[in-house]
Amino acid sequence: MPAINSNVPLVLLIGGARSGKSTLAVDLGKQHGGEVCFIATAQAHDDDMRERIERHRSERPSWTTIEESIDLAGALARCPIDAFVIIDCLTMWVSNLILRGDTEADIVDSTRKTIAGIAVRSALTVVISNEVGLGIVPDNALARQYRDVLGHVNQQFAASAQRTLFLVAGKAFELHNPQDLLS
């Protein structure tokens, strides 16, 4: 999938669960020194998710928080153009869209609109996502669809990002365009 613009003021933080992505994003927001807008995509469908969401809320400073599980482009439009934005996370967002019944084409379109919304911002946007494709092939069609669609969404964001960091155990590796490494 082609990038909209590889100079988008975007950093993608990708990795496994509990790899340090959200912690790094919050630390970057604290260092920003200006207004921070936090876009949270999780939905509290059960007690465990309610507890996780509350824990994440308590870990953040008193920033503007927009809880938006579906319309990321709309949530971005509600943030001041010069605010540092954190989107946490694409993993839950794609799940929400699939469970709503969106097709992969719908999700690709929503991804393009979100990246276009980031591209017009004057401050940095940090986007968090999980890499779910490193394990075994899922044993059911829905899980395989989710893995594949999230992989495509992650590729779109990475292609548009100024920097992409892969986090493992709180440490980061910078990811590079493979074409640049081969030339």
Peer 1: Mark yes or no for whether E131, through its side chain, and G133, through its backbone, hold a donor-acceptor pair below 3.5 Å.
Peer 2: yes
Peer 1: Going from OG on S58 to CZ on R55, what distance comes out if it is rounded to the nearest 0.5 angstrom?
Peer 2: 8.0 Å
Peer 1: Taking all non-hydrogen atoms of both residues into account, name the closest pair between R147 and P138 and its distance.
Peer 2: NH1-CD, 3.3 Å
Peer 1: Given the rule that I, L, V, M, F, W and Y join up when any side-chain heavy atoms are under 4.5 Å apart, are I86 and V11 in one cluster?
Peer 2: yes
Peer 1: Linking I/L/V/M/F/W/Y whenever any side-chain heavy atoms sit under 4.5 Å apart, do I87 and I70 land together?
Peer 2: yes
Peer 1: I need the L124 CG to H32 NE2 distance, nearest 0.5 Å.
Peer 2: 8.5 Å
Peer 1: Check this for me, if you would: do R57 and E67 make a salt bridge, where the nitrogen-to-carboxylate-oxygen distance has to be below 4.0 angstrom?
Peer 2: yes
Peer 1: From L12 CG over to K21 NZ, what is the distance, rounded to the nearest 0.5 angstrom?
Peer 2: 10.5 Å
Peer 1: Please determine whether a side-chain nitrogen of the Lys or Arg among R144 and D148 lies less than 4.0 Å from a carboxylate oxygen of the Asp or Glu.
Peer 2: no
Peer 1: Is there a donor-acceptor contact under 3.5 Å from the side chain of R121 to the main chain of P80?
Peer 2: yes
Peer 1: Is there a side-chain contact (heavy atoms from CB on, under 4.5 Å) between D106 and T103? Walk through the geometry before answering.
Peer 2: CA-CA 5 Å; D106 296 332; T103 65; 3.1 Å; yes
Peer 1: Might you point out which heavy atoms bring S69 and W93 nearest each other, and give the distance in Å?
Peer 2: O-CD1, 3.4 Å
Peer 1: Any idea which heavy atoms bring P9 and A123 closest together, and the distance?
Peer 2: CB-O, 3.8 Å
Peer 1: Rounded to the nearest 0.5 Å, what separates atom CG in D27 from atom OG in S22?
Peer 2: 10.5 Å
Peer 1: Side-chain heavy atoms under 4.5 angstrom apart, residues restricted to Ile, Leu, Val, Met, Phe, Trp, Tyr: same cluster for V149 and V132?
Peer 2: yes
Peer 1: Quick check against the 3.5 Å criterion: does S129 have a side-chain atom that pairs as donor or acceptor with the backbone of I14?
Peer 2: no
Peer 1: To the nearest 0.5 Å, what is the distance between CZ on F157 and CG on L90?
Peer 2: 4.5 Å
Peer 1: Determine, stepwise, if the pair V127 / T114 fulfils side-chain contact (heavy atoms from CB on, under 4.5 Å).
Peer 2: CA-CA 11 Å; V127 177; T114 301; over 6 Å; no
Peer 1: Does S122 reach the main-chain N or O of I81 with its side chain, forming a donor-acceptor pair under 3.5 Å?
Peer 2: yes
Peer 1: I need the minimum non-hydrogen distance between G74 and D71, along with the two atoms involved.
Peer 2: N-OD1, 2.9 Å
Peer 1: Determine, using the 4.5 Å side-chain heavy-atom cutoff (strictly less than), whether W63 and V126 are members of one ILVMFWY cluster.
Peer 2: yes
Peer 1: Short question: side chain of Y146, backbone of T91 - any donor-acceptor pair under 3.5 Å?
Peer 2: yes
Peer 1: Identify the two heavy atoms, one from L167 and one from S19, that lie closest to each other, and give their separation to 0.1 Å.
Peer 2: O-CB, 3.3 Å
Peer 1: Assess whether atom CZ of R18 is packed by more than 12 heavy atoms of other residues, nucleotides or ligands within 6.0 Å.
Peer 2: no
Peer 1: Assess whether atom CG of L182 is packed by more than 12 heavy atoms of other residues, nucleotides or ligands within 6.0 Å.
Peer 2: yes
Peer 1: May I ask whether L76 and I128 are part of the same hydrophobic cluster, defined by side-chain heavy atoms of I, L, V, M, F, W, Y residues being less than 4.5 angstrom apart, directly or through others?
Peer 2: no
Peer 1: Between N96 (side chain) and Q43 (backbone), is there a donor-acceptor pair under 3.5 Å?
Peer 2: no
Peer 1: Using a strict 4.0 Å threshold on nitrogen-to-oxygen distance, state whether R50 and D47 make a salt bridge.
Peer 2: yes
Peer 1: Give a yes or no answer on whether the side chain of N154 reaches the backbone of G151 with a donor-acceptor pair at less than 3.5 Å.
Peer 2: no
Peer 1: Using modelled atom types and a 3.5 Å cut-off, is there a donor and acceptor pairing between side-chain atoms of K30 and backbone atoms of R60?
Peer 2: no
Peer 1: Side-chain contact test, heavy atoms from C-beta onward, threshold under 4.5 Å: evaluate it for T64 versus C79 and give yes or no.
Peer 2: no
Peer 1: Could you grab the distance from atom CD1 of I107 to atom CG of L97, nearest 0.5 Å is fine?
Peer 2: 5.0 Å
Peer 1: Could you walk me through whether K171 and V168 pass the side-chain contact (heavy atoms from CB on, under 4.5 Å) check?
Peer 2: CA-CA 5 Å; K171 301 294 184 184; V168 178; 5.8 Å; no
Peer 1: Taking all non-hydrogen atoms of both residues, which atom of T41 and which atom of C89 are closest, and how far apart?
Peer 2: OG1-O, 2.7 Å
